[in-house]
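For reference, the structure is listed below as structure tokens.
Remember, predicted model here, so these are calculated numbers, not experimental data.
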Amino acid sequence: MTEKIHIFDTTLRDGEQSPGASMNLDEKLQIAEVLDSMRVDIIEAGFPIASNGDFEAVKEVSKSVKNSTIAGLARASLKDIDRAWEAVQYAKSPRIHTFIATSPLHMKYKLKKTEEEVLEAIQKTVTHARNLCDNIEWSCEDGGRSELSFLYRCIELAIECGAKTINIPDTVGYTLPEEFGKIFKNVKENVPNIDKAILSTHTHNDLGLATANNVAAIKEGARQVECTINGMGERAGNSSLEEIVMTLKVKKDLMPFHTDIKTESIMKASRLVSSITGFPVQPNKAIVGANAFAHEAGIHQDGMLKHAGTYEIMTPESIGLNKSSLVLGKHSGKHAFSEKLKELGYEPGDNALMELFGRFKDLADKKKEIFEEDLIALAEDRSASYDEHIKFVSLEVNAGSVERPEASLKIEMADKIKSIKMNGNGPIDATFNAIKKLSSTDFKLKLYQVNAITAGTDAQGEVTVRLEDKDLSSQAKGSDPDIIVASAKAYINALNRLIFKKSKSIKENSSNLEIRGV
């Protein structure tokens, strides 16, 4: 039997701290469900003291997750710790994760505390947390730049006060693998009660060394790894879950460890997080990138035809990816289409299936090749809308270098077809102006992002749009071989979401007024 490495996923906390990656409650619950089903050991659901929204998200994730331990982050503050416990107490297996900086730089300029004051804070807060919850994790922020002699004292004290997991983070992605591994080796050799806690590693990718540093830490005694789906996180991101898990699976000869992760769910988790956050996965990203299992060079193709092991160190199936690139075409029937959707993780009802099948047929008439990514885009586009208050009907655009761009748009609202022609600085601007005019809305456009779903000039375009109105925001995608049509669909999907959120907010406020007797 090999030793187990516990996987601590912080996509919902550190991953969400990526600029522009904020998620709403429903989206966090979707991701938490997938993480739980793929057997992640610990899910760090958020930072409860950060906002009421973050608190509610941690609380609801705690209530909904069936198997994983749920952690809430807290600074070295009694108020933070109380708030974290208030949120995670509903979990089947709750954890409080508290931290304080231990590097000279952070203590002097950020905390403005002496070493003795930091030790006093550790004693006070870890003890308080342990009185609330029996599963406490303590982290030394900026551990990679902390002085070892002081680090030993902090860790020993945290364990004495009840911490069962000690996390040493390379908070700013500064260390080299041999440096980071040596920290863990020294901690094991110099902290007398270290056998009473699990050592954890949390690395950032500022120098592109996050996964390498985690591997070094595992070799020197870390038995918990903190990571995120797709490597999301602050600045350059964190070590990615998929890289750590598959490294351990592929390199068993040199690393005799295992995880409980259901690796066949990796691609599903990657696609979900990318879809929700609007952060595309770079094509050459390890494990989950579009090119990770693609072979173009003739010598590579020849080797693959003779034996896949010549150029692939893992199988696509091991991460939940199907090798087929061309699966369906315009001659395919509804049954084959339905089975393929199930294979990709989508099971729409009869009405939704017929709508999707019709759109698939339309797409197959326009494209020479239909890829799995095309089918996923169709399914995501269909499921993205909260409430189809507004439906896209048709769009014609005149654009070029001579006349001012003009968009002729038809939409359906309240079972009535509305149409209009509008000008703009470009075809996209004209299209969005038309949507705003017909829907009598003027929300702020905060994000407009375009990606090609597959290769080739006939590829579907995938557009992400984020709209904001005061304290509410919504994000949605649209896909179509015509990028302007995809833009219109994405804007309308985001608009439907925002209208849904606004109506929900108004109802909630009205209920609160009634409760208060106003």
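Using modelled atom types, one finds no donor on one side chain facing an acceptor on the other under 3.5 Å when comparing Thr165 with Glu137. Between the side chains of Ser68 and Asp36, at least one donor N or O sits under 3.5 Å from an acceptor N or O. When only modelled atom types and interatomic distance are considered, Ser473 and Glu468 share no side-chain donor-acceptor pair under 3.5 Å. Between the side chains of Ser139 and Asn167, at least one donor-acceptor pair of N or O atoms lies under 3.5 Å. A donor atom on one side chain and an acceptor atom on the other are found under 3.5 Å apart for His202 and Asp14. Thr211 and Ser239 are linked by a side-chain donor-acceptor pair at a separation below 3.5 angstrom, with hydrogens and angles left out of the test. In this structure, a donor-acceptor pair under 3.5 Å is absent between the side chains of Thr464 and Tyr448.
Arg83 forms a cation-pi arrangement with Phe55, by the criterion of a distance under 6.0 Å to the ring centre and an angle within 45° of the ring axis.
For the pair Glu178 and Lys219, the salt-bridge criterion is not met [side-chain N within less than 4.0 Å of a carboxylate O]. Contact check on Lys444 versus Asp469 returns no salt bridge, with no Lys/Arg side-chain nitrogen under 4.0 Å from an Asp/Glu carboxylate oxygen.
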Under 3.5 Å, sequence neighbours excluded: what are the donor-acceptor pairs made by side chains of residues 15-22?
| residue | atom | partner | partner atom | Å |
| --- | --- | --- | --- | --- |
| Glu16 | OE1 | Lys28 | NZ | 3.0 |
| Glu16 | OE2 | Met23 | N | 3.0 |
| Gln17 | OE1 | Arg13 | NH1 | 3.1 |
| Gln17 | NE2 | Glu234 | OE2 | 2.6 |
| Ser18 | OG | Gly15 | O | 2.9 |
| Ser18 | OG | Gly233 | N | 2.9 |
| Ser18 | OG | Gly233 | O | 2.9 |

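The six-membered or imidazole ring of Phe8 lies near that of His97, with a centre-to-centre distance under 6.0 Å.
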